[in-house]
Visitor: 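One structure, as structure tokens, below. Some questions next.
Since the model is a prediction, treat every value here as computed from it, not as a measurement.
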Amino acid sequence: MSTPVDDPLSRERSHLSASRSALRAMREDVEALDITDVTANWVNAEVLARQIEERIKALADLSDTPLFFGRLDYLHAPGAEQAEGADGERFYIGRRHVHDHDGDPMVIDWRAPVSQPFYRASKKDPMDVALRRRFGYTRGDITAYEDEHLSDPAAVTLSGSAGAARTSKLLQQEIERPRVGPMRDIVATIQPEQDEIVRSGLSGTVCVQGGPGTGKTAVGLHRVAYLLYAHRERLARTGTLVIGPNRAFLHYIEQVLPALGELTVRQATVDDLVAHVEIKGTDDATAAVVKGDARLARVLRRALYSHVTMPTEPVVVVRGSRRWRIPAYELEELVRELLDRDIRYGAAREALPQRIAHAVLVQMERSGEAPDDRVQDAVARNSAVKAAVKAVWPAVDPAKLVLRLLSDAEFLAVHAEGILDEDEQKAILRAKPERSVKSAKWSAADAVLIDEATDLIQRTHSLGHVVLDEAQDLSPMQYRAVGRRCTTGSATVLGDLAQGTTPWATRGWQEALTHLGKPEALVEELTAGFRVPTDVITYASRLLPHIAPGLTPVVSIRENPGHFEVRPVAGPKDVVEACRELLRHEGSTGLIAADTRVPELAEALTEAGIPYLGPGEETTADTRLTLVPASLAKGLEYDYVVLDEPQAVVDGEPDERTGLRRLYVTLTRAVSGLTVTHTAPLPTQLA
């Protein structure tokens, strides 16, 4: 039976087809560009070719991804101050801008100002929108639409599926859609409170406290995408960075920004940022906590500037037949002046020979000579001046400085006096002193100290914007390392105090933001849960009074309560059977277990003939099960989760509170269903 020409669904499908054709034409126009004769040299040609390549990638049409997901029909033309929108004008909202051959828009970028009412308009405040339409898709094709007549609060029209409702069924379906593969964007489901954070200005730093499933990671990624849209030229110069807790997490989120057309955002872990030395060793918890304490910055500063000594001899510069003498007291004045300016150690060291040379030039001018800048530069390079600078303000290698502090008890005691007590000093001193930077067994915390020392000597390059995810697990010194990367820019800090699982986990956001160098940052809290089912988050929230008293529990807004079961088992074979049952459902499945139990469960899965992946590896139609050590579960999500032996997860951590926080993390990784299997009794806090 043919579809009527005036059928709304048919018209929308036609617009989708036309928009895809227009996007293809935009891509072909870029591919056809000939830059053979438009660049002055090969360097410019390479840069332009790379820009064109990135533009082509950004214009890719992902066949399984809706090109647009909504439509706005305005009531009437906005005022003169609002150039966009006209009487009866219609806008299709999508992931990127698409225009036809005349330049008229067919799809409006979700980040454009005219798109904002799609996320913010309500029946109380329609924002001049008559109708908001949402589209339902199946494998990239429009199969349904749902209308909200914002001028008529009672009117909702649903097409393509049965029935009608006062709430957005399509929105709910999109939120609850099974998850296979890496994290995807949420442009079709951004909620008003999330949109406020996403569209907050570039100049301000925002900290988002959000429990499991509240979308804080997605909000952070979409905020950087929005900022790149609104401030592209500035951020193209200064750069953007997303920092995640580990490689598995970064792999999980790496497709979100490219799907939104943003290809230039760098991704890294904190360890990547401070990779000055090769990590060969580890610290015990006590040493790691002390090394991660912000007080170490003061110790390092003292140790570094202890290398500066006051001159006791004059500098004599010989030029031709003349000798110019700068007395020791005058040299001391120059040194003290540089110390008082509180500039970087290396910058001051570079400035000192010029200061000495200037003092020589003053004497030359008094004697009747007329030296110029070339003479001053020559004097600054004079061997006598170089020797004086080397003696007074010697070059310092940051890694050698840190190694000496950690290996020389006397050197540490002198510079940690009044800052670290004797026990703290003993905790970080190496049992066997090491003298070689290359052979030293550096730990991850040591690398952060070297980064601090490096910045004391030479200023770290600052980016325009940094997104820091899972921030609750950073030490104060790690916060300082991240803060150095955005001293002249802003940041989006994402985390959940209840999920802090390191011995130095953040106790409060204000303290953390101070260490980051952004004490004025705005702290926002997300409490609406979009991903975790009601029964699952309710069960996990039993732990909150024990791990984060006073924190607001997440309230799930999902209509589907989700599958939830606590199942006593006899052993690994029963755990494997629980996995097999969940694999019958659509979507991904994660088997999460204490790290020590992973080898035994891996063997059981292999014996049962069930293929599985490691954390961060992309699921496929044939392999939808991922075996996840509890220590790597943070930030990851699966449609269904089997959590093996909760008490073993708790026991795998150095103390009970940290163990319960780790358990809270593992309990909240499921977005459709959770099966908890246990042989040992459950932790009493879950009773």
Side-chain angles (χ1 to χ4, degrees), residues 212 245-246 248-249 269-271 279-296 406 420-431 441-449 470-479 495-508 511-512 515 540 542-549 551 592-601 615 628-636 643-669 678 680-686:
N246 52 56
F249 177 84
T269 65
V270 173
D271 290 344
I279 305 302
K280 300 177 181 177
T282 57
D283 290 312
D284 60 36
T286 302
V289 168
V290 177
K291 290 180 181 179
D293 195 300
R295 292 175 296 162
L296 263 293
L406 301 179
L420 303 179
D421 61 34
E422 290 186 9
D423 289 339
E424 290 171 323
Q425 293 177 36
K426 289 178 181 178
I428 63 174
L429 272 172
R430 295 171 183 261
K441 292 184 177 179
W442 296 108
S443 69
D446 295 337
V448 179
L449 296 180
E470 300 295 347
Q472 73 280 345
D473 280 331
L474 268 61
S475 70
M477 289 298 284
Q478 287 175 316
Y479 276 115
D496 180 12
L497 297 177
Q499 296 186 58
T501 52
T502 56
W504 50 82
T506 302
R507 291 170 295 186
E511 178 185 347
H515 292 312
R542 295 180 182 183
L543 299 175
L544 284 180
H546 308 280
I547 61 176
L551 206 62
I592 304 177
D595 292 29
T596 55
R597 290 183 55 79
V598 167
E600 182 180 8
L601 292 171
V628 187
S631 61
L632 296 180
K634 191 171 297 179
L636 304 180
L643 174 59
D644 169 71
E645 214 62 74
Q647 188 60 53
V649 174
V650 176
D651 294 340
E653 300 296 330
D655 59 80
E656 184 181 60
R657 188 177 187 187
T658 303
L660 290 173
R661 287 184 169 187
R662 181 76 69 188
L663 179 58
Y664 181 73
V665 171
T666 59
L667 283 169
T668 53
R669 299 305 93 200
H678 67 102
L682 294 169
T684 56
Q685 292 84 354
L686 286 176

Visitor: Do the charged groups of Glu470 and Lys634 touch, with an N to O distance under 4.0 Å?
Guide: no
Visitor: Using modelled atom types only, decide if a donor and an acceptor are shared between the side chain of Asp446 and the backbone of Ser443 within a distance under 3.5 Å.
Guide: yes
Visitor: Within the side chain of Gln472, is there an N or O that forms a donor-acceptor pair under 3.5 Å with the backbone of Ala505?
Guide: no
Visitor: Where do Leu544 and Tyr664 land on the side-chain contact (heavy atoms from CB on, under 4.5 Å) test, with the steps shown first?
Guide: CA-CA 8 Å; Leu544 284 180; Tyr664 181 73; 3.9 Å; yes
Visitor: What are the two closest non-hydrogen atoms of Leu296 and Val290, and how far apart are they?
Guide: CD2-O, 2.9 Å
Visitor: Could you check whether any side-chain heavy atom of Thr502 comes within less than 4.5 Å of a side-chain heavy atom of Ser475, counting everything from C-beta outward?
Guide: no
Visitor: Got Thr596 and Asp651 here, is their nearest side-chain heavy-atom distance under 4.5 Å?
Guide: no
Visitor: Take Arg295 and Glu424 through the salt bridge (Lys or Arg N to Asp or Glu O under 4.0 Å) test and state the conclusion after the steps.
Guide: CA-CA 11 Å; Arg295 292 175 296 162; Glu424 290 171 323; 2.7 Å; yes
Visitor: Check step by step if side-chain contact (heavy atoms from CB on, under 4.5 Å) holds for Gln685 and Glu656.
Guide: CA-CA 11 Å; Gln685 292 84 354; Glu656 184 181 60; 3.4 Å; yes
Visitor: Quick check on side chain to side chain contact (heavy atoms under 4.5 Å, CB included): which of Asp655, Leu663, Leu682 does Val650 satisfy it with?
Guide: Leu663
Visitor: First locate atom CD1 of Ile279, then atom NZ of Lys441, and finally report the distance between them rounded to the nearest 0.5 Å.
Guide: 13.5 Å
Visitor: Give me the atom names and distance for the closest heavy-atom approach of Thr666 to Ala630.
Guide: CG2-CB, 3.9 Å
Visitor: Distance from Ile592 atom CD1 to Leu667 atom CG, nearest 0.5 Å?
Guide: 8.5 Å
Visitor: Looking only at non-hydrogen atoms, find the nearest pair between Gln499 and Pro212 and report the distance.
Guide: NE2-CG, 3.7 Å
Visitor: Report the distance from atom CG of Leu497 to atom CZ of Arg507, rounding to the nearest 0.5 Å.
Guide: 11.5 Å
Visitor: Evaluate Arg662 against Asp595 for salt bridge (Lys or Arg N to Asp or Glu O under 4.0 Å), listing each step before the verdict.
Guide: CA-CA 12 Å; Arg662 181 76 69 188; Asp595 292 29; over 6 Å; no
Visitor: So, Glu645 side chain and Ala680 main chain: donor-acceptor pair closer than 3.5 Å or not?
Guide: yes
Visitor: Decide side-chain contact (heavy atoms from CB on, under 4.5 Å) for Thr506 and Glu511; before the verdict, give the C-alpha distance in whole Å, the side-chain angles of both, and the deciding distance to 0.1 Å.
Guide: CA-CA 8 Å; Thr506 302; Glu511 178 185 347; over 6 Å; no
Visitor: I'd like to know if the side chain of Arg669 and the backbone of Val665 have a donor-acceptor N/O pair within less than 3.5 Å.
Guide: yes
Visitor: Which heavy-atom pair separates Ala648 from Arg597 by the least distance, and what is that distance?
Guide: CB-CD, 3.9 Å
Visitor: For Lys280, does the NZ atom sit with more than 12 other heavy atoms under 6.0 Å from it, leaving out its own atoms?
Guide: yes
Visitor: Look up atom CG in Asn246 and atom CG in Asp271, then write down how far apart they are to the nearest 0.5 Å.
Guide: 10.0 Å
Visitor: Quick check: does any side chain N or O of Trp504 sit under 3.5 Å from a backbone N or O of Asp473, one acting as donor and the other as acceptor?
Guide: yes
Visitor: Heavy atoms only: give me the nearest His515-Ala294 pair and the separation to one decimal.
Guide: CE1-CB, 3.6 Å
Visitor: Would you name the heavy atoms of Ala540 and Thr668 that are closest together and state the gap between them?
Guide: CB-CG2, 3.6 Å
Visitor: To the nearest 0.5 Å, what is the distance between CG (Leu686) and NE2 (His546)?
Guide: 8.5 Å
Visitor: Kindly indicate, with the supporting measurements, whether the criterion side-chain contact (heavy atoms from CB on, under 4.5 Å) is fulfilled by Leu449 and Lys291.
Guide: CA-CA 8 Å; Leu449 296 180; Lys291 290 180 181 179; 4.2 Å; yes
Visitor: Quick check for you: to the nearest 0.5 Å, what is the distance between Thr286 atom OG1 and Asp423 atom CG?
Guide: 10.0 Å
Visitor: Counting only N and O atoms by type, is there a donor-acceptor contact under 3.5 Å from the side chain of Tyr479 to the main-chain atoms of Ala471?
Guide: yes
